[in-house]
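Let me begin by presenting the structure, written as C-alpha cells, before commenting on it.
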Amino acid sequence: MASSFLRIPTISSRTLETPSLPSLSSSSSKFSPLSPHFHHRHRRSATVLRLSCSASADASPLPSHSLRRRPQYIPNRIPDPNYVRIFDTTLRDGEQSPGATLTAKEKIDIARQLAKLGVDIIEAGFPAASKEDFQAVKTIAEIIGNTVDESGYVPVICGLSRCNKKDIETAWEAVKYAKRPRIHTFIATSDIHLKYKLKKSKEEVIEIARSMVRFARSLGCEDVEFSPEDAGRSDREFLYRILGEVIKAGATTLNIPDTVGITLPSEFGQLIADIKANTPGIENVIISTHCQNDLGLSTANTLAGSYAGARQVEVTINGIGERAGNASLEEVVMAIKCRGDHILGGLFTGIDTRHIVMTSKMVEDYTGLHLQPHKAIVGANAFAHESGIHQDGMLKHKGTYEIICPEEIGLERSNEAGIVLGKLSGRHALRDRLNELGYELDEEQLNNIFWRFKAVAEQKKRVTDADIIALVSDEVFQPEVVWKLLDVQVTCGTLGLSTATVKLAEANGKEHVACSTGTGPVDAAYKAIDLIVKEPVTLLEYSMNAVTEGIDAIATTRVLIRGDNNFSSTNALTGEVVQRTFSGTGAGMDIVVSSVKAYVGAVNKMLGFEERSLPRVSSESSKVPA
Ligand code: KIV
C-alpha cells in the first residue's frame with residue numbers, strides 16, 4: 001500500500017457531506033461538543049463504532065473498504081472538504097522539550113520516517129535558532145523535500161520564523177530547496193503578550209504581521225503560514241482583524257495556537273467556528289490548530305477544532321513539546337481514523353498508520369524522552385490486558401476490550417505471554433520477528449543484534465518482544481560513533497573504594513584505557529570515561545528501568561548531560577538563548593555496562609552535534625546566511 005493512501009471504510013453518502021458545522025452567519029455561532037446535537041450524533045454512532053475499528057470489525061457486518069486519496073496539494077485550498085492535513089512539528093516544537101536535542105542526522109532520520117508515515121507538512125525546525133538548526137532544516141528540505149514517491153507525494157518542508165525580516169529570510173534560505181517550501185511566521189496577539197512581552201499596540205502588531213507576511217511572499221514563497229501566538233487568550237475582534245489583514249497580505253494557512261493550553265474543547269471548537277464565521281477572506285485559506293497540552297486537553301481540543309472546520313492539525317510524535325507537550329500525532333490520527341466517519345462527519349487523513357509504532361520508537365530513543373507505559377496508542381501497556389475479566393473477554397473476542405488492532409499501528413502481537421524466541425532461534429526467526437515488530441534492519445545491523453540476542457538467550461529462558469526492542473534501540477537508534485566502548489571492568493562493595501577501568505576506541509580504531517575511583521561503580525566508570533574523552537561534561541540526570549520482570553531483566557539507562565557553552569540555541573517563543581542538553585540511552589543485562597553505554601552515547605551525541613554530522617549536499621547550497 002502506497003504511503004499516500006489510507007485504508008478506511010467506504011464513504012457512505014452521509015459521510016461524504018461536509019461535516020455539519022456551526023452556522024457561519026452569526027458572530028456567536030454555536031459550536032459545542034456538549035450540545036444535545038452532539039450527544040445525539042454520538043449516541044447514534046456508538047453502535048457503529050465497530051465498523052471503523054478493525055479489532056472489532058468482525059462483530060458486525062463489514063463495510064466494504066476503499067482507498068481514499070490524498071487530495072492534490074494546493075497551499076490555500078484542499079480539493080476534498082473532509083481531508084485533514086497533518087502538520088508534524090516534532091522537529092521544531094518537539095525538539096524544544098527540555099533535553100530533547102537531536103543531532104542533524106537524527107533529525108533527517110526522523111524526517112524520513114515522517115515521510116513514510118505520510119505527514120503532509122514537516123516543520124523541520126526554527127532556522128534562525130542557530131547555524132546547526134539552519135543547516136538541519138536545509139538538509140531536510142534538500143533530501144526529504146525532494147523525495148517524491150510513486151503517487152506524487154512529497155511532504156511540504158516548513159521553517160518557523162518570528163515576524164522579522166532576518167528570521168524570515170533565514171527560514172526561506174533553509175526551506176527554498178524543497179519542492180514544496182513553506183514559511184511559518186508568528187507574532188503574539190493576546191493582551192498579556194502585547195503588554196508585557198512585545199510592549200506594542202494592537203495596531204503596531206497588525207502592521208508587523210501584515211508587512212512580514214507580504215515580505216515572505218515577496219521572497220518567492222507561495223506557501224505562507226501565519227500564527228497569532230496565544231490566540232486562545234486573544235481578543236476575538238482583534239483576531240478577526242489581524243487574520244483578515246494577513247490573508248490580504250498573502251497568507252495561505254492561518255494557524256490558531258492555544259499556546260498555553262488553557263482552552264477546553266468546547267471553547268476551542270467555538271474559537272475555530274467563530275474565526276471561520278467572522279474573518280474576512282477566510283474561505284480562501286486553510287485553518288489550522290496548534291494545541292498545547294497544559295491541561296491534558298490537546299488531543300480533545302485538536303479534534304474539536306477540526307470538527308469545527310480546521311483542516312490542518314499541528315501535532316508531534318508521542319505528544320512531545322514545550323512544557324506538557326503538544327497534541328500527539330498518533331492520538332489525533334487514530335481518533336480520526338476510528339471515529340472520523342461517524343462522529344466527525346467524515347474527516348480523514350493521509351497517514352499510513354502502520355508506521356506509527358516505529359516512528360514513536362525512533363522519536364523516543366533519539367530524544368531520550370521515555371513514554372509512560374499507559375500512553376494512549378503507543379505506550380507499552382496500550383494493548384496489555386492484565387485483569388482476569390479482561391483477559392477472559394479478549395480470549396472470547398478481541399473487540400470486547402480493544403478498539404484498535406495493534407497491527408493497524410504497526411504492532412504485531414506475539415503469543416499471550418509475549419514470548420517469541422529462545423536460544424535455539426536462528427537468524428531468520430529473529431529477522432521475521434523484527435519485521436513483524438516494524439524494524440527493517442540491514443545485514444550488518446541484523447548481525448550485530450543477532451549476536452547480542454544470542455548472548456541474552458544464553459542467559460534467559462524467555463526472550464520477549466520487550467527484550468528484543470531494547471536491544472534494537474541500543475544498537476540501531478544510536479548517535480554516530482565518535483567513541484566506541486570496548487571494555488569496562490569495575491570493583492565495588494563495602495570493603496573499599498569503587499574503581500573502574502574503561503577501554504574506549506576512537507573512530508580511527510586507536511584505543512585508550514583509563515582508571516578511576518568513584519562513589520560507586522557507575523560514578524567511577526563515568527570519571528574514567530571523562531579522563532579519556534577530555535570534554536567538560538555535567539551529568540544532569542540518570543535513570544534506569546528494567547525492561548522485563550525478574551532478576552535476568554534487561555536494564556535500560558537514560559542519562560542527560562550538558563557540555564561547555566558551545567552548544568546553544570534560541571528559543572523561538574521566548575527569544576531566550578538556551579544551552580543544549582544531550583541524552584543517551586543504553587541497554588544490557590549488566591547495569592554498569594548499560595549505564596556506561598548510555599553515557600558514551602550521550603557524549604557521542606554531544607560531540608557529533610556539530611555540522612560534521614550532516615550528510616554533505618552541494619557546496620553552493622550549504623551557505624549559512626549571516
Ligand atoms: O505554541 C505556539 O504558539 C507556537 C506557535 C509558534 C505556533 O508554537
Side-chain angles (χ1 to χ4, degrees), residues 85-98 100 121-129 133 137 156 158-164 167-168 170-171 175 182-194 196-198 205 208-209 212-213 216 223-234 238-239 242-243 246 251-263 268 271-272 275 285-295 297-299 301-302 305 310 312-317 319-329 332 569-576 578:
R85 285 181 182 160
I86 301 295
F87 176 111
D88 182 276
T89 180
T90 305
L91 297 176
R92 199 277 298 169
D93 203 326
E95 210 223 2
Q96 283 171 216
S97 315
I121 299 110
I122 296 175
E123 186 162 54
F126 171 38
D133 286 274
V137 176
V156 173
C158 174
L160 183 72
S161 68
R162 290 166 293 194
C163 258
N164 67 59
D167 269 26
I168 292 173
T170 309
V175 298
R182 180 187 289 193
I183 295 174
H184 174 193
T185 189
F186 71 96
I187 190 164
T189 49
S190 62
D191 288 348
I192 186 168
H193 277 239
L194 260 59
Y196 295 105
K197 188 175 93 171
L198 298 179
V205 169
I208 294 171
M212 287 304 108
V213 168
D223 196 352
V224 176
E225 172 170 330
F226 173 77
S227 293
E229 188 195 358
D230 206 12
R233 290 191 297 177
S234 299
F238 178 48
L239 268 185
I242 192 166
L243 293 176
V246 295
T252 44
T253 297
L254 299 184
N255 179 44
I256 309 303
D258 180 15
T259 303
V260 293
I262 196 174
T263 62
F268 191 73
L271 172 62
I272 298 294
I275 287 172
V285 296
I286 307 299
I287 305 176
S288 165
T289 65
H290 179 107
C291 300
Q292 298 288 151
N293 200 32
D294 298 66
L295 292 175
L297 293 170
S298 55
T299 296
N301 286 351
T302 302
Q312 173 181 288
V313 290
E314 302 202 351
V315 289
T316 61
I317 300 294
I320 64 171
E322 288 265 16
R323 306 183 307 280
N326 245 273
S328 106
L329 180 144
V332 170
S569 91
T570 305
N571 180 299
L573 299 192
T574 61
E576 236 183 312
V578 286

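Predicted model only: the values in this text are computed from it and were never measured. Just follow the structure's listing: the first ligand is 1, and inside any ligand the first atom is 1.
- Exactly one residue among Gln96, Arg162, Glu95, His184 makes a side-chain contact (heavy atoms from CB on, under 4.5 Å) with Phe126. That residue is Arg162.
- A donor-acceptor pair shorter than 3.5 Å cannot be found between the side chains of Ser161 and Asp167.
- By the 4.0 Å N-to-carboxylate-O rule, Glu314 lies too far from Arg92 to be salt-bridged with it.
- Distance CZ/Phe238 to CG/Asp191: 8.5 Å, rounded to 0.5 Å.
- Between Ser298 and Asn326, the side chains place no donor N or O within less than 3.5 Å of an acceptor N or O (distance only, hydrogens not considered).
- Every protein residue with a heavy atom nearer than 4.0 Å to ligand 1 is included here: Arg92, Asp93, His184, Phe186, Ser227, Glu229, Asn255, Pro257, Thr259, His290, Gln292, Leu573.
- At least one donor-acceptor pair closer than 3.5 Å links the side chain of Asn301 to the backbone N or O of Thr263.
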